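Just so it is clear, the model here is predicted, and its values are computed rather than measured. Convention: sequence-line order gives letters A, B, ...; per-chain numbering from 1.
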2 protein chains.
Amino acid sequence: MTTPKRRLPVMADVAREAGVSHQTVSRVLNDHPNVRADTRARVEAAITRLGYRRNLVARALVTKRSRTLGVVSFDTTLYGPASTIYGIEQAARTAGYFVSIVSLKSIDADTVREAIDYLVEQGVDGVVVVAPQRSAGHALENLPPGLPAVAVEGTHSADVSVVCIDQKEGARLATRHLLAQGHETVWHVTGPHDWLETEGRLEGWRAALEEAGRPVPEPLAGDWSPRAGYEAGKSLAAMDGVTAVFAGNDQMALGVLRALSEKGVRVPDQISVVGFDDIPESEFFSPPLTTVRQDFDVVGRHCIEVLLRQIDVQLNGGSTAYERLVVRPSFVVRSSTAPVR
Amino acid sequence: MTTPKRRLPVMADVAREAGVSHQTVSRVLNDHPNVRADTRARVEAAITRLGYRRNLVARALVTKRSRTLGVVSFDTTLYGPASTIYGIEQAARTAGYFVSIVSLKSIDADTVREAIDYLVEQGVDGVVVVAPQRSAGHALENLPPGLPAVAVEGTHSADVSVVCIDQKEGARLATRHLLAQGHETVWHVTGPHDWLETEGRLEGWRAALEEAGRPVPEPLAGDWSPRAGYEAGKSLAAMDGVTAVFAGNDQMALGVLRALSEKGVRVPDQISVVGFDDIPESEFFSPPLTTVRQDFDVVGRHCIEVLLRQIDVQLNGGSTAYERLVVRPSFVVRSSTAPVR
DNA sequence: ATAGACTTTGTTAGCGATAACAATCAGGCG
DNA sequence: CGCCTGATTGTTATCGCTAACAAAGTCTAT
C-alpha cells in the first residue's frame, strides 16, 4: 500500500483547472442560481476530471453546521432500539444528514450526559436519545442550551420533545383482548424496573383490568430477556387458575411459552399468551404469538422530523414548543390466544 | 426556547480568561508535556469556569483526521449486523473514535460505493464495510486510494483486509454433530443466493457430508427469514427419510421447527434441527436449539484493531499487508438434536 | 558570570471551505 | 447614449483549531 502522497484536490485546484475563482466553484457546488450555464458546465467538467470531492469538515467549520445528527442509545442489539435507529438513519440520510451513534452499555444520567457531550464536541447539529429508562431521563433535563434534541420514549419532562409509542394503549389492547375472550383476569410479566415502557405497559394492563372490574394479580418481575420469561412461566405454570398471560415483550413471551410447554401446559388451550413488539420471529413461535405491534420505523422518521424542525427554528428563528408525538400501536392476533372454555 | 445568542466559548476566550496564549490552551488540551503545572491548572480552571468544549471540527480541519470511522452495513435490524456494529462501536469509542453509520436497504456495488464516497466526503479516517454479499464485494476492489478499510465477511479479494467468521468450519461442526448422532445424511436450508455466508455454510455442509461418504441432498433455498424456514420445513415434513436438518441461521431454524410442529413431526425424536448464529432467543425455542455460535463482539473488535493499524501506518509509515482474520465459531448443543433411533 | 541546552510560552500562518462585499458585464429605458 | 438595475464573477476575511517557528526564561557547567 505505498500510497502516492498526492494530496486530494481542493477547491482551488478545481478553480484553476476550470479557469474561474474558487468562489465560483463553491457556487456551483451549492447550486447558487447566479452562475452562467457554460461556466457551471466548465466547473463540473473540472470536478469530474480531477475527481474532486468537497471537504465537509471545512464546510462545517464555516457554516457551523455539520449535517451530522447524534444518536445515543442503550443496547443497540435489542430489536426495538435497533429498529428505531434504522428508521432514524434512513430518514436522516434522506434529509442529507449523517448519523453518529453512541451505544451505551449501562445507562444512567451521567453516562447519557457524557455521551451527549461527546457528540456535541464533535459538532452534531442535534441529538436523538433513545434512552427509555427513567433515570436516563434526568440527563435530558439540562441539556446544553440551544441544542436541538429529541427523546424516544422519554420522560414526561416539558423540557424536551418526545416521540413515543403509546405503551399504555398497547397494554390495554392486549389485556382487553384477553378479557374479551372470557378470561377472568390476566397475569403480567413486567420489563425491568425503571424503564418507561415497563411502567406504561404495567399501567395499561392494570387500567384495563380495573375498568373491567377484575382482580389485579401481583405482576411478575422480568427484564426483557427470554430467560426471565422462562422463569416467570415456570411460576405461572405452578399456580392455580392462570388462564391468560400478558408478557412485557415478545422475548419474554417466548420464555413463557417455553416454560409452559415444558410443564405440559398447552397454549392456547389452557393458557393464552400475548407479547409486545412483534419481532419478526413472533409469527413462528410455537404457537405463533398474538402481540402488540410497534412501528419503530415511524418513530424513527418522526424523530428526524421533529429534530429538523428544531434545527430550522434555531437557524431561521421562529418559535418552538416542545412537541410530544405519540404513535399508536396496533394489535396482531395469532394463535397463542383463544377463548377460555 | 429563546436561546440567548451567546456564542459558545472558544479557545481564545479560555486563553484570555487564563491570561495565556491560545496555543498554551491547545497544549493543555493535547497533554503536551512542556506546560508548567501551575499554568496548566490555571487553564483548566478557566476551561471549567467557561464550560469550554473544544471544537473537533476545527481540529479535524487542520489535523486532517476526524477521529471518525465510517461503517457501511446492510440491514442493521438483523441480529448479526447489529451485533457486529455494536462491537465496532464499543471498540471504536474505547479507542477514542466516533462511528458514523450508513445502513443500506439494498446492497450492490453501486450503493456500497456511494455510501463509502459519502463517508469519505465527510472525512472519516477509515471505513468498515459489513457487506456480506458477493456483489457488494466489488465495491471494495477499487476503493479511494489510501483509504483504510476493512470488510466483514468480505470477498476473498487480496485488495482489502477482511475479518470474518469461519463459516465453513461452523457448518462442518453442525453437520458432523448430526452425522455423529447416527443420521444417514443432513438436509440443508440455505441463506439467500449471493451471500458469502450462504456459500461458506453450503460448502462446509457439503464437505462434511462428502468426507463421511454420505449422499448430498439437494439444498432448499431460503433467505434468512423465519418464513423461508417455515416453507422449507413444510417441504421437508412431506419428504421421506428426512431425519436431520441444518438451517442456514437460527431464524430459519425457527421456521423449520414451526412447520414440523404443525405437521406433527416431533423434534428431536423424529427430526433433529441445527441452526446458526445463536441468537438470544434460540435457547428458548421449542425445543431449545442446537446451533453454531458466532462471536460478533470479537469480530467488531478485530475490525477496529485492523483499521487502526492501517490508519497508524498511513500516518507514521511502515508496511501494510492486507490481513485476513478468521474467527472460529463454537458449537452449542441443546435439545433440538438427538441420536437417531 | 555566561554560553549552551532545554523548558516554557507566544506569534504567525495556514487547513479548505463559505460569507460579505466589490467589481464587472449586460440589458432596458429615458 | 449614459445611467440604473440585476446577473455574474472575483477578492478578502473568517470559522477555531494546530503546526512551525521565534522568543523568553531556567538551569547547569564552565
Side-chain angles (χ1 to χ4, degrees), chain A residues 5-44 46-47 50-68 96 120-125 315-316, chain B residues 5-44 46-47 50-68 96 120-125 315-316:
Chain A
K5 252 248 179 80
R6 153 189 56 125
R7 86 179 156 48
L8 294 175
V10 299
M11 220 173 241
D13 299 322
V14 176
R16 199 173 320 110
E17 178 81 11
V20 296
S21 76
H22 66 137
Q23 183 59 250
T24 300
V25 177
S26 171
R27 290 197 181 97
V28 170
L29 252 34
N30 292 304
D31 285 319
H32 190 97
N34 294 347
V35 179
R36 241 177 27 220
D38 66 318
T39 338
R40 181 180 300 273
R42 215 141 31 90
V43 170
E44 275 162 357
I47 287 176
L50 266 50
Y52 169 77
R53 309 237 70 194
R54 102 171 104 186
N55 182 328
L56 292 183
V57 172
R59 177 188 162 98
L61 179 59
V62 54
T63 59
K64 299 184 180 310
R65 301 197 49 203
S66 62
R67 296 199 77 84
T68 299
V120 167
E121 198 170 56
Q122 195 204 15
V124 296
D125 295 341
L315 251 56
N316 308 323
Chain B
K5 253 257 178 72
R6 151 190 59 126
R7 90 182 153 45
L8 293 174
V10 299
M11 219 173 242
D13 300 322
V14 176
R16 197 172 323 109
E17 178 82 11
V20 297
S21 76
H22 66 136
Q23 183 59 251
T24 299
V25 177
S26 170
R27 290 196 181 98
V28 169
L29 250 33
N30 293 305
D31 284 320
H32 190 98
N34 293 347
V35 178
R36 240 177 28 219
D38 65 318
T39 3
R40 180 180 301 273
R42 213 139 34 90
V43 170
E44 276 162 356
I47 287 176
L50 266 50
Y52 169 76
R53 309 238 69 193
R54 98 170 108 187
N55 182 329
L56 291 183
V57 172
R59 177 189 163 97
L61 179 60
V62 52
T63 58
K64 297 182 180 312
R65 300 198 50 202
S66 61
R67 296 199 78 84
T68 298
V120 167
E121 196 171 55
Q122 195 204 16
V124 296
D125 295 340
L315 250 58
N316 308 324

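Contact check, A:Arg36 against D:dT8: no side-chain N or O comes under 4.0 Å of OP1 or OP2. Residue B:Asn55 places no side-chain N or O under 4.0 Å from the OP1 or OP2 atom of D:dC15. Regarding contacts with the backbone of C:dT18, every side-chain N or O of A:Lys64 stays at 4.0 angstrom or more from both OP1 and OP2. Residue A:Arg54 places none of its side-chain N or O atoms closer than 4.0 Å to OP1 or OP2 of C:dA17. For D:dT9, one of the phosphate oxygens OP1 or OP2 lies less than 4.0 angstrom from a side-chain nitrogen or oxygen of A:Thr39. Of the side-chain N and O atoms in A:Tyr52, none sit less than 4.0 angstrom from OP1 or OP2 of C:dG16.
Atom P of nucleotide C:dG16 and atom CG of A:Leu50 are separated by 14 Å, given to the nearest angstrom. Rounded to an integer number of Å, the gap from A:Leu8 CG to C:dC15 P is 14 Å. Taking atom CG of A:Leu56 as the reference point, atom C1' of C:dA17 lies 10 Å away to the nearest angstrom. As a whole-Å value, the separation of A:Arg59 CZ from D:dT14 C1' is 17 Å. For the pair A:Asn30 CG and C:dA17 P, the computed distance is 11 Å after rounding to whole Å. The distance from atom CG of A:Leu29 to atom P of C:dT18 is 7 Å, rounded to the nearest whole Å. One atom, CG of B:Leu61, and another, P of D:dA19, lie 12 Å apart when rounded to the nearest Å. Distance NE2 (A:His32) to P (C:dA20): 12 Å, rounded to an integer number of Å.
Heavy-atom minimum distance, B:Asp125 versus B:Arg67: OD2-N, 2.8 Å.
One finds the CG atom of B:Leu56 at 9.0 Å from the OG1 atom of B:Thr63 (value rounded to the nearest 0.5 Å).
Looking only at side-chain heavy atoms (C-beta outward), B:Asn30 and B:Arg59 come within less than 4.5 Å of each other. At least one side-chain heavy atom of A:Leu315 sits under 4.5 Å from a side-chain heavy atom of A:Arg65.
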For this session: Go through B:Leu29 and B:Met11 one step at a time and tell me if the side-chain contact (heavy atoms from CB on, under 4.5 Å) criterion holds.
Result: CA-CA 10 Å; B:Leu29 250 33; B:Met11 219 173 242; 3.7 Å; yes
Take A:Arg42 and A:Val20, measure what side-chain contact (heavy atoms from CB on, under 4.5 Å) needs, and give me the verdict at the end. CA-CA 9 Å; A:Arg42 215 141 31 90; A:Val20 296; 4.2 Å; yes
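Nearest-nucleotide positions on DNA chain C place B:Arg27 closer to the 5' end than the other of B:Arg27 and B:Val62.
Nearest to the side chain of B:Thr63, among C:dG16, D:dC17, D:dT18, sits D:dT18.
For residues 15-26 of chain B, proximity to DNA chain C is found at B:Val20, B:Ser21, B:His22, B:Gln23, B:Thr24, defined as any non-hydrogen atom under 4.0 angstrom from a strand atom.
In this structure, A:Asn34 reaches the bases: a heavy-atom distance under 4.0 Å links it to at least one base atom across the strands shown.
Of the N and O atoms on the side chains of A:Thr68 and A:Gln122, not one donor lies less than 3.5 Å from an acceptor on the other residue.
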